[in-house]
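Worksheet: one structure, shown below.
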Amino acid sequence: AEYMGKTDLAGLGGVKMDDPVSIPELLELALEGGTRTGRYALVAIVAHIGGLHAGHYVTAARNGAGEDSQWLLYDDIRVRAVTADELAVVTRSAYVLFFSTLAA
């Protein structure tokens with residue numbers, strides 16, 4: 001999991017940062033001093049919709065693998081497929097990212 005750190009608590013009250021962040025669906029990282037690489041697929045996004053002092057958490061998670069996978073939005077008791085535009089809104093409000101290891 002990767003925490004996005006999208007709050008600035010300096011000063012009174014703090015500020016929620018809504019700066020766009022590029023989130024790769026495939027992440028490749030150097031391992032063991034750069035002699036190997038690890039490959040990771042984005043599988044879920046926890047997002048906070050709203051302001052610093054009020055709002056709502058939702059999760060978008062990939063269901064399935066490969067070309068047959070789809071993103072689902074988990075919002076309280078509702079679960080539904082999301083469009084690319086809706087996923088972009090969730091991505092802009094990302095709070096925590098979850099990646100899964102891919103086979104070498």
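In this chain, numbering begins with 1 at the start of the sequence shown.
Qualifying salt bridge (Lys or Arg N to Asp or Glu O under 4.0 Å) partners for E86, counting only residues two or more places apart in sequence or in other chains: R80. With sequence neighbours excluded, no residue forms a side chain to side chain contact (heavy atoms under 4.5 Å, CB included) with A84. Checked against side chain to side chain contact (heavy atoms under 4.5 Å, CB included), V79 has the following partners two or more places apart in sequence or in another chain: L72, Y74. Listed by chain and residue number, nothing satisfies the side chain to side chain contact (heavy atoms under 4.5 Å, CB included) test with I77 (two or more places apart in sequence, or in another chain). Y57 pairs by the ring pair (Phe, Tyr, Trp, His ring centres under 6.0 Å) definition with H48, Y95, not counting sequence neighbours.
L42 and V89 fall into different hydrophobic clusters, where Ile, Leu, Val, Met, Phe, Trp and Tyr are joined by side-chain heavy atoms under 4.5 Å apart, directly or via other members.
Residue pairs that meet the salt bridge (charged side-chain N to carboxylate O under 4.0 Å, His left out) test with at least one member in residues 44-60, sequence neighbours left out, do not exist here.
The side-chain heavy atoms of T91 and I45, taken from C-beta on, include a pair separated by under 4.5 Å. In this structure the side chain of L29 reaches within 4.5 angstrom of the side chain of Y40, judged on heavy atoms. No side-chain heavy atom of L73 sits under 4.5 Å from any side-chain heavy atom of R78. Between V46 and F98, some side-chain heavy-atom pair lies under the 4.5 Å cut-off.
Rounding to the nearest 0.5 Å places NE2 of H56 at 8.0 Å from CD1 of I49. One distance of note links CD of E28 with CG of L102; it measures 9.0 Å at 0.5 Å rounding. To the nearest 0.5 Å, atoms CD (E25) and OG (S69) are separated by 8.0 Å.
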Subject >> Chi angles and distances behind the side-chain contact (heavy atoms from CB on, under 4.5 Å) call for R39, L26 >> reply: CA-CA 7 Å; R39 294 174 29 127; L26 178 64; 4.3 Å; yes

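Applying the side-chain contact (heavy atoms from CB on, under 4.5 Å) test between D75 and each of V90, V82, V58 identifies V58 as the sole match.
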